[in-house]
Amino acid sequence: MSETRRAGRHFLQIPGPTNVPDRILRAIDRPTIDHRGPEFRRLALAVLDGLKRVFKTRGPVIVYPSSGTGAWEAALVNTLSPGDRVLMVETGHFATMWKEMAGRLGLEVEFVPGDWRSPVDPERIEAVLGEDRARRIKAVCIVHNETSTGVRSDVAAVRRAIDRTGHPALLVVDTISSLASMDYRHDEWGVDVTVGASQKGLMLPPGLGFNAVSEKALAAHRTARMPRSYWDWSAMLEANARGFFPYTPATNLLYGLAEALAMLEEEGLERVFARHDRLAAATRAAVRAWGLEIVARRPESYSSSLTGVFVPDGVDADRVRAVILERFDVALGAGLGKLAGRAFRIGHLGDLNETWLLGTLAAVEAGLEAAGVQPAGSGLDAAKRALSGAQTEAVAAAA
Ligand SMILES: *Cc1c(COP(=O)(O)O)cnc(C)c1O
């Protein structure tokens, strides 16, 4: 490229991939080793074990050299058979893409419509499963944190809804943009397959996909008849038990994963979640002060990893984003699917702190002004107040 160099750090405030911390970049920057040798074995066993603490499971977590989309496919082809019915919910763009994948794979999808501003409704799940007396639905697939809207669904409540019907369907959950930034509990919430990826809360570059699997999912796997080869859990689990993979793993990303797990353990998952909650609350304070509307309708479903923001009618959200990128070197997430041009998304997940967020919000505020969208008030002031209040509590707690 012939563009002039831009000084300082680029702010990657899209809701994934996220900013990769220097510690992780340095961990990846090492010679690739023999993935069938003893040093690799130690690395693999350590990361496979460490991942269980992040997913909060005692069961296995499978690691693919793939994006999150690959891990979606793995979850479906390992547990289902051609023609099986699956229940999915239209929370937004990612849920819609997963539904389309299920259709292409030959599954029969029942898609509960949604308004792209609301979470999964557990009562609706209960009603649909209750009517399925023939037990034709084999899986309920939901997105924990819908990244296109910034809406979080209550996975435990969906589990309770399924249990009330006594329906045997598997519960399959996409936690790609919530894992390691928002509370997630695979075992406690009774999830059968959890789908994850490396490039969001885990602070890694793109390239790893995850499936955490329950006993029940493994039992379904044994009789599932969808064609599968690359994604086959059996081959993975058998090799993983010995510290190896059935094909070449993303060795250097696994170095990075070991470092990411160490960083999460040093900070402590609870503190990681509290930091995300704090930064999300400050972001929402800013959005309200600007006089803009948050995409998520209800406070109980606000995401702590990103905030979707509507622009006023007649304003092109992509133009606002382009101005913010051009003038301030801050990349924001685009409105996706039905929200294209109507909303932008501020990613506040992964490795960032108060100052970083304030920089981002200052750029958004200045960019709104530069794009001719006069904010109603100073979002930056509102965010500062939100953070200095939270800061006082933190200082008091530390004292
Ligand atoms: C990012 C994301 C995906 C897609 O993952 P890729 O790595 O782009 O394949 C799927 N679901 C959710 C909720 C996401 O945030």
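As the structure lists them, so they are numbered: ligands from 1, and atoms in each ligand from 1.
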For [X] against [Y], the heavy-atom pair lying closest together:
{"X": "P205", "Y": "Q199", "answer": "C-CB, 3.8 Å"}
{"X": "T79", "Y": "A217", "answer": "CG2-O, 4.1 Å"}
{"X": "P15", "Y": "R345", "answer": "CG-NH1, 3.3 Å"}
{"X": "T165", "Y": "R135", "answer": "O-NH2, 3.4 Å"}

Specify the protein heavy atom at minimum distance from [atom]: its residue, its atom name, and the distance to 0.1 Å.
{"atom": "atom 2 (C) of ligand 1", "result": "K200 NZ, 2.6 Å"}
{"atom": "atom 6 (P) of ligand 1", "result": "G68 N, 3.4 Å"}
{"atom": "atom 12 (C) of ligand 1", "result": "D174 OD2, 3.3 Å"}

Practice item. Could you tell me whether A197 and ligand 1 have an N or O pair separated by under 3.5 Å? Key: no
Review point. Considering distance alone, does some N or O of N145 sit under 3.5 Å from an N or O of ligand 1?
Key: no
Check your understanding: Of the backbone atoms (N, CA, C, O) and the side-chain heavy atoms from C-beta on, which set of M97 has a member under 4.0 Å from an atom of ligand 1: side chain, backbone, both, or neither?
Key -> neither
Exercise for review: Could you see which bit of W72 sits under 4.0 Å from ligand 1, with heavy atoms only: side chain, backbone, both or neither?
Suggested key: side chain
Practice item. Tell me whether the guanidinium CZ or amine NZ of R30 lies under 6.0 angstrom from the six-membered ring centre of Y255 and within 45° of its axis. Key: yes
**Study point:** Ion pair K384/D381, N-O distance below 4.0 Å
**Key:** yes
